[in-house]
Structure formats: C-alpha cells, structure tokens
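Notes follow once the structure below has been shown.
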Number of protein chains: 2
Amino acid sequence: MMISEVLDMSKASSSVDRVYDRVRHMAANFEFKPDERINESALSLKLGASRTPLREALNRLVAEGFLTFQNGRGFFCRSLSPEKIVDLYEARQAIECEALRRSVTRASDEEIAAVVAYLDETEPRYNTSKSTVEVLEMDEDFHIRLAELSKNTELVRLLRNINDRIRYVRLVDLKMILAKKQIAKNKGAKLSAHRVILNALAARDGEGAVAAMRSHIERRREEATEAVRIAYSQLYVPAD
Amino acid sequence: MMISEVLDMSKASSSVDRVYDRVRHMAANFEFKPDERINESALSLKLGASRTPLREALNRLVAEGFLTFQNGRGFFCRSLSPEKIVDLYEARQAIECEALRRSVTRASDEEIAAVVAYLDETEPRYNTSKSTVEVLEMDEDFHIRLAELSKNTELVRLLRNINDRIRYVRLVDLKMILAKKQIAKNKGAKLSAHRVILNALAARDGEGAVAAMRSHIERRREEATEAVRIAYSQLYVPAD
DNA sequence: TCATACAGAATTGTATACAGCATCTTATGC
DNA sequence: GCATAAGATGCTGTATACAATTCTGTATGA
C-alpha cells in the first residue's frame, strides 16, 4: 500500500466540493461584482466541471448567503450595501457575545490558556506584518478559537459563515485603519482588545468579557458604512 | 390581458422550489428519521421530479442544517441529540436578545403597538386551543414579528432557520407542558412572558427586555434534554 | 426620438444516461 | 459458527441533451 493512500483522508473530494470551494472563495472576495449575474456555462468551463455539480454548489452558496437566485434568470452575486454589512456585524456581536457568555462556565483553564498562548505567539506579527490578509486571517482565527471555547458548534458554524461574508469589507477596513496609522498609536501602552477580552474570560468575569467584545466589534461596525464605500471604489477600478 | 396574469406574482415556481419546500417540511418534521439515508431515486419519484432538481434542493437543505451529506454515500437526515438542540436554543437566545437590543432604539411606538395588537388578538386562543401546532405557530409568529422590529434582516433570517430546525422538539415540549397543565397555573394572575418582554420594550427598557427574553428561552432550553428523549420515543413508535 | 414588437441568440431548467462506488448477498475457508 | 472474499446489485456522481425561457438587437410605427 502506498503512503499517499494512507495519508489521503480527503475522501477523494468530489467535483461539487472542489467547485464549491472555488466559487465560495470567489464570492467571498467579490471576484463576482455585487449583483453580477453568473453565467453557468462559462463558469463550469473555467472550473473544469459540468453544469450539474456547479449548480449544486451554487445552490449551497445561495443558502449560505453568498449568492442570490432568481427563477428563470439564474444565480447572482449578493449585493453589497452598508445596511447588509451592518446587519452582519450585529449578528456577529450576537453570536460572539453569546459564545463568550457560555465559555465562562464551560471552558477549562487549560483551554483558555491555549488561546492565550496563541495570542502570545501571533501578537508580535500583528503590528509588524505588511500583509493585511495575514493579519485578518490571524484575527479571524483568534475569534474562532475563542468561540470554540463555548463548545457550541452551531455558534461556531454561524460565526464562520458571517466572517466569510464580511471578509472583503473587513479587509478594506483593515487597510483603512493601517493607512490612518491607528495601529501605531495603540501599540505598546494599551492592552490589545483581544487581550482584554481574554483576561476577563480567564478571570471568569462574564459581564466584563461580553462588554469588551461588544465594544470591540462595535468599533468596526461603526466603520462599516465608510468601508463599504471604499470597497465599492476598489471593486470598480483597475486592480493595483 | 387576463386578470390571472396580473395577479400571478408567483413567477411560476420552479421544480426545485416545489421540491425544496416539500423536503424542507419533511426534514423539519423528521418525516425522515434521524440519520436516515435518503434515497434520491425513490424521493424524486415520490415528489414527481427528476433527480437533478431534487439534488439541488437537497444541497440547499444541507447548507441550512436540515440534512447532512457524505461523499459517495449521499444525503442523510440530520441527527437529533440533546446537545445539538441545546446549541440551537443558545443560538436562538443570542439572536433574539440582540434583535431586542436593537429594537429598543429602532422600533417606533406604532410598530411596537402593532405587535401588542397581535398579542392581544392571539392571546385568548393561546390557552384554549387544542392544537399544539396552532399554538406553536402563533408563538413562532410572535417571536418573528418581534425580531423584525430590529430592522435587521439577517437576524430574522437566522431566527427563521433556527425555529424551523427546533420546531419538532418544541412541539414535543409544548405537548409535555400542556400535559403537565402548567398553562392552567400560569393563566390569569401572572403576565405572560411575551407580555413582559413587550412591555419592557415599549418602555424602552432594553436591559429588562433582554433579561426577560433570556429567561423565557432559558426555561425551554432546560427542558430540551427531556423533550429530545420524548421526541425519540415518538419517532420510533406507531403514530397515534 | 421613443416605444413596441418581433426574430434570433443565448441561457437556464430538467430529464436521462451511464460510469463508478458503496452496499448487500452469497460462497468459501478456517 | 464466524470471518473473509468475490460477485451481484443498487445508488450516487457527473455529463450531456434538449425544451423552455429570457435576453438582445433590429426593425417598424407613432
């Protein structure tokens, strides 16, 4: 038996799965423009699969909120509006605060310590990294690990979905923040928002942790309208 | 031009949509047993459509959490476990409390009054109705109307999804409550939980409203484990 | 100039076919 | 009697075909 056969736990991922991953990534990053109609034949050709598995993937993505569907007219990229993004930020607050509330009683000291260790490890790169994509990935990863402490798989699932749907705007927002050099001001003296949340959780201070999380996300939510405006301008100008 | 053409806004719903509605209903009500494998050919025959639109509908339902999917083995009904149901109740708390928090500043007095009117109208039937299905529908409807006051379509969407996924267990739970005659005790003197939440919202008392909502749902969450046990026994005995 | 109607092209919606797995049955050896 | 292997069966995964619908571009009339 070959080593590759032993290591291959991927269940020989199907055509639908491959197509799904690709299209989801494309939709998340607005490689389809907002409200753009998706041509099934062209896309299936580009992805090297027939329309049948493509349409199955597209249907999944509609249910996940990445695409929309109109009878007889086919699939479209989701629209991009400040209202929609604000809605998602609020949903994120709901999910993450609830998760935190549950984590206070359900997460062991060891599990919390593991997230602290992750924060210790990644924090240096936070302020030095030139890649906004990398920074955002670390940020998302932290929030997911934190949410997982709640032991509630549904909350984690919802958070993953929401994160992926606001990723593009968050990326723009992050660039905006870096451009304004707000990071530099925050560096050093003040504890990072993540650290504050985690300290409160470790101290089993539910109210404090939730309050810190709420205001942490609230800050970004308030920037959403401007971030969407910038996102639009980025989407409709030649790539840099 | 015929009147029917003018009135027909239904866009001649497609085969996928019809199949989707039917299968979603079946899955919500556990007409498929937990973890049961779904035979596509048999089901497509039963629903009068070919496998192609059926599979598109099934893929949507996987993304919505009603079904699961395993590569090469096909589609299965979701499993039914106390842990999963508790997770969903907690997600519901997160969503509904967040919606309430937003409604405090966003709902007009008139909009709140409309929900009060709905409560006034339906409340008499609450304690008299023999149909648990009707009672649950009224309850769900109230919660949706309340959530809509937040003007956050994403929260409403999430709540709809969660409600549909816990409906079967809630129905069992409701029968359990009625059997114990807890309704009779609550009738009269005490304000209904819905009334308390709505009063707090009308008074713009966000903290009070959220606290009332949280404990309202919490009470049901605590019964989830027993309700799931009963649900299981109902599913695996001859229908009454 | 604008609106409308029509024909052709393009695209979607669904059925069907078939290859490839997974599962079940039966047979065989221990 | 039990475990295992081989063959048969049934189901899933995907491609393709074609019907039905929508879209596009052009021509016609007010």
Side-chain angles (χ1 to χ4, degrees), chain A residues 1-2 4-6 8-24 26-27 31-63 66-78, chain B residues 1-2 4-24 26-27 32-63 66-78:
Chain A
M1 186 180 272
M2 306 269 292
S4 65
E5 292 175 45
V6 178
D8 184 20
M9 312 301 270
S10 67
K11 290 279 176 202
S13 68
S14 68
S15 190
V16 177
D17 288 336
R18 278 185 291 106
V19 166
Y20 168 81
D21 288 339
R22 286 273 287 125
V23 179
R24 186 182 156 110
M26 291 170 77
E31 292 177 34
F32 310 109
K33 300 268 181 286
D35 302 305
E36 177 185 345
R37 187 173 178 172
I38 293 172
N39 186 317
E40 295 171 18
S41 311
L43 188 55
S44 71
L45 210 65
K46 176 174 169 181
L47 301 180
S50 77
R51 281 179 57 221
T52 309
L54 171 61
R55 280 180 61 103
E56 291 189 11
L58 292 174
N59 271 287
R60 284 196 213 173
L61 292 166
V62 168
F66 288 98
L67 305 175
T68 63
F69 174 77
Q70 282 179 267
N71 222 311
R73 310 208 327 116
F75 297 88
F76 299 78
C77 182
R78 71 193 187 282
Chain B
M1 187 180 274
M2 307 270 291
S4 65
E5 292 175 44
V6 178
L7 294 178
D8 185 19
M9 312 303 268
S10 68
K11 290 281 178 203
S13 68
S14 69
S15 190
V16 176
D17 288 336
R18 278 185 291 105
V19 166
Y20 168 81
D21 287 339
R22 286 273 287 124
V23 179
R24 183 181 157 112
M26 291 171 76
F32 309 110
K33 300 269 182 288
D35 301 306
E36 177 185 345
R37 186 172 177 175
I38 293 173
N39 185 317
E40 295 172 18
S41 310
L43 188 55
S44 70
L45 210 66
K46 176 174 167 180
L47 300 180
S50 77
R51 279 180 58 221
T52 309
L54 171 60
R55 280 180 61 104
E56 291 189 10
L58 293 174
N59 271 287
R60 284 196 213 173
L61 292 166
V62 168
F66 288 96
L67 304 175
T68 62
F69 176 76
Q70 282 179 267
N71 223 310
R73 310 209 327 117
F75 297 87
F76 299 79
C77 182
R78 70 193 188 283

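Within every chain, numbering begins at 1; the chains are lettered A, B, ... in the order of the sequence lines, protein sequences first and strands thereafter. The figures that follow rest on heavy atoms only: side chains count, while hydrogens, waters and symmetry mates do not.
Regarding B:R55, its CZ atom lies at a distance of 6 Å from the C1' atom of D:dT12, rounded to whole Å. Atom CG in A:L47 sits roughly 16 Å away from atom C1' in D:dA15 (whole-Å rounding). The interatomic distance linking B:I38 (CD1) with C:dA22 (C1') rounds to 17 Å, in whole Å. Atom CZ in B:R51 sits about 15 Å away from atom P in D:dG10, given to the nearest Å. Rounded to whole Å, atom P of D:dG13 lies 8 Å from atom CD of A:E56. When the P atom of D:dT12 is taken as reference, atom CG of B:L67 falls 13 Å away, rounded to whole Å. Rounded to an integer number of Å, the gap from CZ of A:R37 to P of D:dT22 is 10 Å. Rounded to an integer number of Å, the gap from B:R73 CZ to C:dT23 C1' is 9 Å.
Picking from C:dG13, C:dA15, D:dT14 the nucleotide with the shortest atom distance to the side chain of B:A49 gives C:dA15. If you check C:dA15, C:dG13, D:dT12 against the side chain of B:S14, the one that comes closest is C:dG13.
In this structure, A:R60 contributes its side chain and A:R55 its backbone to no donor-acceptor pair below 3.5 Å. Looking only at distances, no side-chain donor or acceptor of B:E56 sits under 3.5 Å from a matching main-chain atom of B:P53.
The 5' end of DNA chain D is approached more closely, in terms of each residue's nearest nucleotide, by A:R18 than by the other of A:G72 and A:R18.
Residue B:T52 places none of its side-chain N or O atoms closer than 4.0 Å to OP1 or OP2 of C:dT14.
Using a 4.0 Å heavy-atom cutoff across all strands shown, A:F75 reaches no nucleic acid atom at all.
In this structure, A:K33 and A:C77 have side chains that are not in contact, with every pair of non-hydrogen atoms separated by 4.5 Å or more.
How far CG of A:L43 is from CG of A:L47: 4.5 Å, rounded to the nearest 0.5 Å.
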